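First comes the structure, then the notes that go with it.
Quick caveat, the model's predicted, so the values are computed rather than measured.
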Amino acid sequence: MAWLSRCLLVCISLGFLSAGCTAMGMPRPQPNLNFTVGVEGVVWCKSCRYRGYVKSRDASPLPNAAALLRCRNGNRALSVWNSTDRHGYFLIQTGKQAAPFTSNHCKVYVLRSPARGCRVAMKPAWKEGARLRFRRLVTLAGGMQGRFSAGTFVFAPHKRSKCYS
Ligand SMILES: *[C@@H]1O[C@H](CO)[C@@H](O)[C@H](O)[C@H]1NC(C)=O
Ligand SMILES: *[C@@H]1O[C@H](CO)[C@@H](O)[C@H](O)[C@H]1NC(C)=O
C-alpha cells in the first residue's frame, strides 16, 4: 500500500496535474480543475475626516470605491469590477475566463475615489495600476482559486487638514 499513498502524495504535491496519476492506473482525481483568480486590496483616504479613521495609518477606509482587475495577453483581455465595503476592502473574483492570463498580464486600478473631498491619487500614482502579488491558494466549491494582493490604494484631500481628537 505504500506506493499508493506515495502516489497520492505526489499527485497532491504536483499541484493538480492529474496526468501522472492516471498513467499509474489511479482514478483520475478531477478532470480539469478550473483555476480562478481572486485579488484583494484596500482603499484608504489619507484623512481623519471619514468614518472608521485608523490612527496608526492616519487614514480612513473608503467604501464604495470601484476596483478594476484588467488583464491583457495579446488580443485577449479581461475586465472584472467590484467595489469596496465599509472597511475599504475589495475582492475581485474571476471565473474560468482568467485561464489565458498569468498575474503578470494583470493590474488592478482604482480609477477614482468615491469621496468628493478625497480625490488626489497618492498610491499608486495617477492612473497607474497595482501589480498582483501571490498570497495563497484557497479551495472553493467550484475548484481552486489563486489569491493575490493588489496592496493598498491611497487617496488624499487637496489640502491636508489637522485632526483634533
Ligand atoms: C464582489 O465582492 C463580494 C464581497 O467580497 C464577493 O462576494 C463577490 O464575489 C465579488 N464579485 C466579484 C465579481 O468579484
Ligand atoms: C471545469 O470546467 C469544465 C468545463 O467548463 C467543467 O466541465 C468541469 O466540471 C469544471 N471542473 C470543476 C472541478 O469545477
Between atom SG of Cys118 and atom CZ of Phe155, what is the distance when rounded to the nearest 0.5 Å? 8.0 Å

Answer with yes or no whether the hydrophobic clustering places Leu111 together with Trp44; edges join I, L, V, M, F, W, Y residues whose side-chain heavy atoms lie under 4.5 Å apart. no

Is a donor on one side and an acceptor on the other found under 3.5 Å between the side chain of Arg86 and the backbone of Pro63? no

So which atom in Pro61 and which in Gly88 form the shortest heavy-atom distance, rounded to 0.1 Å? CB-N, 3.7 Å

CZ-CG distance between Phe90 and Leu62, expressed to the nearest 0.5 angstrom: 12.0 Å

Determine, using the 4.5 Å side-chain heavy-atom cutoff (strictly less than), whether Met144 and Phe101 are members of one ILVMFWY cluster. yes

Would you call Glu40-Arg136 a salt bridge at under 4.0 Å N-O? yes

What's the separation between atom CZ in Phe35 and atom NZ in Lys96, rounded to the nearest 0.5 Å? 14.0 Å

Side chains of His158 and Val120, heavy atoms from C-beta outward: is any pair under 4.5 Å? yes

Taking Cys48's backbone N and O only, do any of them form a donor-acceptor pair with Lys55's side chain (distance below 3.5 Å, no angle check)? no

Hydrophobic cluster membership, Leu69 vs Tyr109, 4.5 Å side-chain cutoff: no

Looking at CE of Met122 and NZ of Lys46, how far apart are the two atoms once the value is rounded to the nearest 0.5 Å? 8.0 Å

Taking all non-hydrogen atoms of both residues, which atom of Tyr53 and which atom of Ser47 are closest, and how far apart? CD1-O, 3.5 Å

Tightest non-hydrogen contact, residues Tyr50 and Ser60, listed as O-OG, 3.3 Å

Under 3.5 Å, is there a donor on one side chain and an acceptor on the other for Lys123 and Thr152? yes

Linking I/L/V/M/F/W/Y whenever their side-chain heavy atoms sit closer than 4.5 Å, directly or via other members, would Leu78 and Val39 fall into one cluster? yes

Check Pro124 against Ala130 and note the closest heavy-atom contact, atom names and distance. CG-N, 4.2 Å

Is the CZ atom of Arg133 crowded by more than 12 outside heavy atoms at less than 6.0 Å? yes

For Arg112, does the CZ atom have more than 12 heavy-atom neighbours from other residues, nucleotides or ligands under 6.0 Å away? no

To the nearest 0.5 Å, tell me how far Cys71 SG sits from His105 NE2. 9.0 Å

Side chain to side chain contact (heavy atoms under 4.5 Å, CB included) between Leu132 and Phe134, intermediate numbers included: CA-CA 7 Å; Leu132 279 58; Phe134 179 75; over 6 Å; no

May I ask you to decide if Val43's main-chain N or O and Thr84's side chain share a donor-acceptor pair within less than 3.5 Å? no

For a side chain to side chain contact (heavy atoms under 4.5 Å, CB included) check, start with the C-alpha distance between Asn82 and Val80, then their side-chain angles and the critical distance, and finish with the verdict. CA-CA 7 Å; Asn82 213 344; Val80 188; over 6 Å; no

Which is it for Val108 and Phe153 under the side chain to side chain contact (heavy atoms under 4.5 Å, CB included) test, yes or no, and what are the steps along the way? CA-CA 10 Å; Val108 174; Phe153 294 78; 3.7 Å; yes

Nearest heavy-atom approach of Arg72 to Ala77 is CG-CB, 4.0 Å

Passes side chain to side chain contact (heavy atoms under 4.5 Å, CB included), Leu140 versus Gln93? Steps please. CA-CA 11 Å; Leu140 304 177; Gln93 304 195 85; 4.0 Å; yes

Where the side chain of Asn73 meets the backbone of Arg76, is there a donor-acceptor pair that is under 3.5 Å apart? no

When you check the side-chain N and O atoms of Arg70 and Ser79, is any donor under 3.5 Å from an acceptor? yes

Can you tell me how far CZ of Phe148 sits from CD1 of Ile92, rounded to the nearest 0.5 angstrom? 13.0 Å

